[in-house]
A.B. asks: 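Would you mind keeping the following structure in view while I ask a few things?
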Amino acid sequence: MQLDIFYIPQYGVVMPVVVLVLFALLVAVLSELSATVKGHVPRGLPDGLAVIGFAFALLYTYLLGVDVWANGAKTYVWSWAGTTFGPPVGVVMGADQLSVMLMGLFSFMGLVVSIYSIGYMKEDTGLRHYYALLLIMVGAMNGVVISGDLFTLFMFYETMGLTSFVLVAFRRNWEGIEAAIKYLMMSAVGSTLILYSASYLYGLTGTLNLGEMSALLQAHPDQPIIPILIALMTAGFGVKGAVVPFAAWLADAHPAAPSGISAMLSGVVIKVGIYGIIRMNTLLFPIRTVYFNWPLLIAVFAVVTMTAGNFWALTQTDLKRMLAYSSITQIGFILFAFGTATEFGYQTGSFYIINHALTKGLLFLCAGAFLHAIGSRNLDDLRGIGKKMPVTGAFFAIGILSLMGMPPLSGFYAKFLILAAGVQAGLTVSGYYLVFSALAIFNAVLALGYYLRMLSTVWFKPLSDRAASAHRTSRSMAIGMGILALTLVVIGIYPAPVYTIAEAAGSALMNFSQFAALLSGAP
Amino acid sequence: MQAITIPILSDYPMILTLLGLSVGGLLTLIVGSRSEKGARVLAALSLLGGLMLNVLLLLECGDSPVTHDFVWLGDTTNPIMTLGFLGDGLSAPVGVLIAGLGLFSVVYSFVYMENLRHPGLYYSLMVWFVAAMLGVVYATNLMQFFVFYELMLIPAFVLVYVYGVSEDPEQRSKNALQFWVWTAIGGMISLFGVFFLFGATGTMDIQTLYTTSMATNVAKFVGLMFLLGFGIKMGLVPLHVWAPPVYGEAPIPVLVLLSGAMTKTAAYGVIRIVIPIFRAVLADYSLGLMLISVVTMFYGAMLAIAQKDLKMMLAYSSISQLGYLMFGYSTMTVVGVNGAAFQIINHGILASLMFFCAGAIKMRTGTMEFDRLGGLAPKMPALATVFVLGGLALAGTPPMSAFPGEMMIFAGAAEVAMNGWAYVALMVVGVITTGLTAGYYLWAIRRTMYGQVPDELADVTDAPMTVLAITGVMAFFVVIIGIWPWLLWQYIQPVLSGILGGG
């Protein structure tokens, strides 16, 4: 079947967003209609629509990817009734290889989580809200990574934040609401910082378009306010991106959310924050030596994040909390790769983004399966549960092994490549990176402490009383987890295809000048 | 030796070995859930196939090494990781050793491991363990080396954890986890060295690295990192602390693979990677390395004397013998390194032989403790013969295989002894340790095989035929290589002279 018939070249950039929003509307409308007509929403209607929606989004992202890889970055400018609203204040969307890679990742995770949620959310009500919000959230995430100007970026960013906030509190229990309010507060502060920085940038450059801004800032690199703007941007995006010291909301929000949403939060939502940091810094502020060395700053943040996440994780007794702190550590690793500001560093960082999203997604889904089976997330209650739920336990083991960096899983390559990039940066750019790399290795070894603890609790301890009553996972949950586990193993055995995608994404990030020109030159 | 060429098998022996073992392991796992016998047959067949392919490789590598290279990560202009297979005179004998030990361990398990829980799991793990070790030996580039090096840990860990001899699962899990953590740390340290090397030279291909030049202090740092990482796996004092609990925990067939094969992959790593690339710069540290080696030899020997049971004595003896290997390496002389390379094969065979005999004693008498054994020689004549042969060989007696190896190691030490009295002192301690080794082996033989027979052992019979066949074959090799070392030497020596320059 010719898939190209779906592709409309002019709208190719925005299709992944539009498709998801359309499907969200479809879910809402059809569910309301059937609720009015039949009196209740038919089982599987919102679920099925969400799965189909994500599948379409993935398809459109793939088609866009084929186009971008062949012809370079693409843009889309909003036009209405004949007038195009271009720079300086219009809506411009641009997709380069990094954007496409991220959109593919987000849609894929959305697809897997929808499949998983079919089984997981079976006992919940209001599923039409859940799936509609999930579709909008992923649509907004897609929108963030293709935004070419600060207004669009902020709009999509806030949409993503609001929908994720509601999803965290979805079950309306005390824990969820408290976590969601904490998350909202901190997220609002972060967004305010971004808004503040964006307004200053507008005042400084007279445009909101990222491409024009990039050219202008590069022409006048000695504006004294620029370091402050860098700091504000990084801090603002860092709240969502789980950078210490802005990451206090993670530990509550990720455990409290329904597990599919935890997987999305830890796997992809925090990547949007990282995207914000790296895109803003590479596109807008590619000036290193004038005031201070922002890559080095990011690397320092990264090392602090890694270490703090590790130490916090070591003492946890709640499985999902431990995984949330582990996410903080892994974000530290990713930021470290981007902090090297070398092409190899960007490439390996992109690969690690993919790897971590898949791995952490899998682990949270497994934790959700355990939670669903015995109603507890406590490690003591989970002792030996792998023996009762062998399939889920096996997937959990695959996830932990990948996180630890054992071959033949993708985590080995991801970790190896990041450390190689760090050492290479240390030898070619600045000796500080060698120290950071050593600290990264130290953290990787330290993390073994609680990874092995999780693994041994699930598999190697004698069965606890609560775990003895576990029931086997439902089929859709197993399929969801199985897809992710299979991906990890496949990438582990044959990493080349996915790594080439990450390579292209990293190079696109590094060689941004063409993309910037495209964004600003758009009519 | 004439090369026997069989069309496809001779062209791709290494790839076929790895494929065959992986698939064979999978089949063993699947079939084993129904029938233990099927699992045994499949595992033995896979390993037999692997062994034959490796022997084919050995026979043809004498003429020219067999190599294959596939780019796995990156592209042809900038390959980050390649999947490469190198079968030359150094990797082929080690490959034969590992495959052979795998086959023997599996066949030994037929009689030794009774009442196995999940026999399919056990046999498939043994097959996969061997496959991972072979992957290490065939590797042509550093990343591939470490992929398989880390991969080895998973089957080893599961084997020790599930099939360990301790009754208490907490104790088993403690020992097994400790093993994993130590070796994983060793792997990470070596990986740090690999990154450094990659950052400094831009390549991870081992053959290319032989001729790449790099800054001296970078080379020193990386060389020491590698030695540290490999030293943990080889069990050099004071990094050996993970070894005794694990050796005590593992059942004999698994122990043979751990001590006879896994430690040899680390030793192979030293001689393939560290010595050729860093020999010039590490010569400065030769004294320190020799000191560590001698301490390992001596400490291992002293602790071996103090052990009350045969298995732990042999375990500490293994640690001591690996000190010999490192001693040969640390002299950094051509003859010393050659001797150490020779000893890789010899020690692999001999240590495993002794472990098999100890297991046979346990099978027949129910114990390996010296206090409860004695006078078994008249009752188990065949086993006693191989046991005594092995003990004498490990003590360095000609005409058995360890003699030429040890002689070359000490010749290497004598060559550097010209450099100072410290070297002479270390060499003397080394020779004394050899005497100690002879001492505790002969004492062990005396205590188990000769003397008064305890009453409960009155109706002990000789070891099972399987065990006798296995140990007989191994003893045969020991004697043959001892009488005619050139059989093994013809493969190793050309490669080493090429790597080290000058024979």
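Because the structure is a prediction, the values reported are computed rather than measured.
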A.B. asks: Only counting residues at least two apart or in another chain, list the ones meeting side-chain contact (heavy atoms from CB on, under 4.5 Å) with B:Val162.
C.D. replies: B:Arg117, B:Val158
A.B. asks: State yes or no: are the ring centers of B:Phe146 and A:Phe416 separated by less than 6.0 Å?
C.D. replies: no
A.B. asks: Heavy-atom distance under 4.5 Å to chain A: side chain of B:Leu153, backbone, both or neither?
C.D. replies: side chain
A.B. asks: Going by residue number, which parts of residues 126-135 of chain B are within reach of chain A, meaning a heavy-atom gap below 4.5 Å?
C.D. replies: none
A.B. asks: What heavy-atom pair brings B:Phe196 and A:Leu427 nearest, and what distance separates the two atoms?
C.D. replies: O-CD1, 3.6 Å
A.B. asks: Do B:Leu151 and A:Pro408 have side chains that approach each other closer than 4.5 Å (heavy atoms only, starting at C-beta)?
C.D. replies: yes
A.B. asks: Can you establish whether the number of heavy atoms outside B:Phe157 located under 6.0 Å from its atom CZ is more than 12?
C.D. replies: yes
A.B. asks: Could you pull out the closest heavy-atom pair between A:Met404 and B:Met188, with the gap in Å?
C.D. replies: O-CE, 4.4 Å
A.B. asks: For A:Leu419, which atoms come within 4.5 Å of any heavy atom of chain B: side chain, backbone, both, or neither?
C.D. replies: both
A.B. asks: Looking only at heavy atoms, which two atoms of A:Phe412 and B:Glu150 are closest? And how far apart?
C.D. replies: CE1-CG, 4.3 Å
A.B. asks: Between A:Phe344 and chain B, with a heavy-atom cut-off of 4.5 Å, which part of the residue counts as in contact: side chain, backbone, both or neither?
C.D. replies: side chain
A.B. asks: Working to the nearest 0.5 angstrom, can you tell me the gap between B:Phe195 CZ and A:Leu417 CG?
C.D. replies: 8.0 Å
A.B. asks: Please classify the contact between B:Tyr149 and chain A as side chain, backbone, both or neither, with a heavy-atom cut-off of under 4.5 Å.
C.D. replies: neither
A.B. asks: Looking only at heavy atoms, which of residues 174-187 of chain B get nearer than 4.5 Å to chain A?
C.D. replies: B:Leu177, B:Trp180, B:Val181, B:Ala184, B:Ile185
A.B. asks: Quick one: side chain to side chain donor-acceptor pair (under 3.5 Å) pairs with a partner in residues 407-416 of chain A, sequence neighbours left out?
C.D. replies: A:Asn355-A:Ser410
A.B. asks: Measure distances from A:Ala438 to the heavy atoms of chain B and classify the residue's part below 4.5 Å as side chain, backbone, both or neither.
C.D. replies: both
